[in-house]
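Let me begin by presenting the structure, written as structure tokens, before commenting on it.
We name chains A, B, ... by the order of the sequence lines, and we start the count at 1 in each one.
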Amino acid sequence: MLADFLAKKTGLNKANSANFINEFADIMRQTLEKNGIARVVGLGTFEVVDIEEKEQLDTNVSEKDITTRHKRVIFTPETTIKEQINKPFSQFETVIIGDNVNLNEIQSNTVKDEKEVIPAKKKEEKVMEEEGNGVIENVEEDVEVEENGKHRTTAKTALYVLAGTAAILLAFSAGVFLAMKLLKYDLKESSSNYDYDLIRDENVEKVSSVTDTIKSQPIVNVTKEEQNEVAEPVKKESDSKVDPAKYAALDVRIRTGAYNIVGTDREWVVKEGQTVESISRYILGPGMECYVETYNGLKPGEQVKVGETLLIPKLKLKKKSSKR
Amino acid sequence: MNNKEFAHKRDNESISMQAKKSLDNNQFVTLLSQKTGYSLAGTQQLTDILTRIITDNLINGNVITIDNFGTFEVNKEIEHIIFDPKTQKRMLVPPQLVLTFKSEEGWEEQLNEREERQ
């Protein structure tokens with residue numbers, strides 16, 4: 001590996017590089033064996049030292065072990081290389097531990113402190129003053145604990161926000177639902193009136209006059225509201241009185257129907273996809289197309305063109321008029 | 001190298017330094033130049049490059065093995081408490097990266113055998 005690097009750097013071939021390294025090592029070894037010391041500039045000092053005979057306690061078997069006198073090769077790197085290698089830990093320094101500091105207590109307190117939330121900076125300063133670097137790990141742990149606390153609070157806030165949003169959405173949807181229900185109720189009510197009206201149209205004589213009056217009254221109101229809201233192209237016209245008998249004579253449906261045509265209610269410009277039936281259903285209610293057809297001189301089921309203007313008749317209950 | 005070895009080395013340092021005398025850089029380069037056949041300047045340049053390659057690799061955390069000589073390795077020493085007998089105070093030594101050298105297997109035994117023969 002070393003030979004490859006040297007070959008790359010110097011341009012020598014691999015064999016020459018390997019040879020150079022071998023010679024380098026040989027000289028070092030010979031020098032060490034001969035002189036007991038070898039110094040390489042830019043690397044450090046190698047030395048052969050004598051280790052004296054001594055007793056050692058083997059901690060694994062708790063027995064005393066005697067090491068005989070022997071030689072050993074030691075290496076002391078140059079200071080610059082030492083510093084370069086230890087660069088990641090260069091900011092740490094050896095610190096004197098105060099006499100009052102009980103390391104066992106610190107370890108036990110570390111566990112307790114995890115539960116207390118103390119501002120990280122204050123805690124760090126305090127500990128550094130008292131104990132130096134000895135409790136770096138403790139401080140780091142406390143910072144972590146506080147950070148965890150912060151995470152918890154942010155998580156809680158997020159939960160509250162979510163719950164609030166959900167509640168607002170629920171309230172809104174409930175409101176919409178209620179409104180829809182009320183609207184549906186109105187429509188149902190009105191449609192039932194319309195149905196009733198249809199039946200009544202067909203079987204006028206069977207239905208009593210009292211129920212007619214009560215049931216037919218809201219129909220007019222509802223249709224008028226709808227007309228005002230939706231029918232944009234409608235132009236209201238001033239009432240011009242017409243003879244109801246004239247139209248009754250023209251069509252048997254009007255003659256036998258519940259209403260008399262008393263005038264023009266409005267004009268309606270036909271749009272794409274609209275028919276006489278759909279228009280009359282929209283404005284007057286279901287089954288009322290005969291009035292529109294007769295009033296506009298159309299035959300039953302006759303198609304109307306887009307852009308054509310239809311006159312919507314103003315209707316009046318026959319019974320009411322007869323009562324009057 | 002542990003602390004005891006370091007203390008032992010320090011005690012014997014004055015004696016050993018008197019007896020031992022290393023080759024200086026010029027002598028070392030001259031010897032290497034004679035053996036390899038390169039010029040003195042070329043050998044000096046190659047030696048510088050080789051030491052730089054070794055240190056760069058060690059800084060990057062690589063293990064360097066030189067055949068017939070030994071292995072260089074960077075180890076991490078964990079933080080520990082030491083007691084200074086002079087000041088009677090305990091000291092917390094921070095963690096540090098230490099360059100260690102382990103001679104080739106069998107070399108130390110050879111040295112011991114040689115001494116025993118003498």
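Here the side chains of A:Ile96 and B:Asp84 are not in contact, with every heavy-atom distance at 4.5 Å or above. No side-chain heavy atom of B:Val98 sits under 4.5 Å from any side-chain heavy atom of A:Asn86. Within the 4.5 Å cutoff, side-chain heavy atoms of B:Leu46 are placed close to those of A:Leu12. Contact check for A:Leu32 versus B:Trp107: side-chain heavy atoms found under the 4.5 Å cut-off. Proximity of A:Leu43 to B:Ile54: side-chain heavy atoms (C-beta onward) are separated by under 4.5 Å at one or more points. With contacts defined as side-chain heavy-atom distances shorter than 4.5 Å, the pair B:Met91/A:Val95 does not qualify.
Heavy atoms of B:Thr47 lying under 4.5 Å from chain A belong to its backbone as well as its side chain. With a 4.5 angstrom heavy-atom cutoff, B:Glu109 does not touch chain A via any of its atoms. For B:Ile66, the part lying under 4.5 angstrom from a heavy atom of chain A is the side chain only. Contact of B:Val93 with chain A is made through backbone and side chain together, with heavy-atom distances under 4.5 Å. With a threshold of 4.5 angstrom between heavy atoms, B:Lys76 approaches chain A through side-chain atoms but not through N, CA, C or O. For a residue to count as touching a neighbouring chain, one of its non-hydrogen atoms must lie under 4.5 Å from one of that chain's; by this rule B:Arg52 does not touch chain A. With a 4.5 Å cut-off on non-hydrogen atoms, B:Asn57 touches chain A through its side chain but not through its backbone.
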Practice problem: Carefully, step by step, assess A:Phe75 and B:Thr100 under the rule side chain to side chain contact (heavy atoms under 4.5 Å, CB included). | Solution: CA-CA 7 Å; A:Phe75 169 66; B:Thr100 57; over 6 Å; no
Quiz item: Could you walk me through whether B:Leu50 and A:Leu2 pass the side chain to side chain contact (heavy atoms under 4.5 Å, CB included) check?
Solution: CA-CA 8 Å; B:Leu50 183 64; A:Leu2 206 57; 4.0 Å; yes
Practice problem: Give the intermediate values and the outcome of side chain to side chain contact (heavy atoms under 4.5 Å, CB included) for residues A:Glu33 and B:Leu111. | Solution: CA-CA 7 Å; A:Glu33 286 172 2; B:Leu111 288 171; 3.6 Å; yes
Practice problem: Could you give me the CA-CA distance, side-chain angles and deciding distance for B:Phe28 and A:Arg39, then say whether side chain to side chain contact (heavy atoms under 4.5 Å, CB included) is met? | Solution: CA-CA 9 Å; B:Phe28 180 78; A:Arg39 189 170 289 143; over 6 Å; no
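Per-residue counts of heavy-atom pairs under 4.5 Å with chain A were compared for B:Ile81, B:Asp56, B:Leu58; the largest is that of B:Ile81.
Within a 6.0 Å radius of CD in B:Glu105, no more than 12 heavy atoms belonging to other residues, nucleotides or ligands are found. Heavy-atom contacts from other residues, nucleotides or ligands closer than 6.0 Å to CD of B:Gln45 number 12 or fewer.
Checked by atom type, the side-chain pair A:Asp26/B:Asn68 shows a donor-acceptor distance below 3.5 Å.
Between B:Phe69 and A:Phe24, the ring centre distance reaches or exceeds 6.0 Å.
Residue B:Tyr38 holds its OH atom at 10.0 Å from CD of A:Glu23, rounded to the nearest 0.5 Å.
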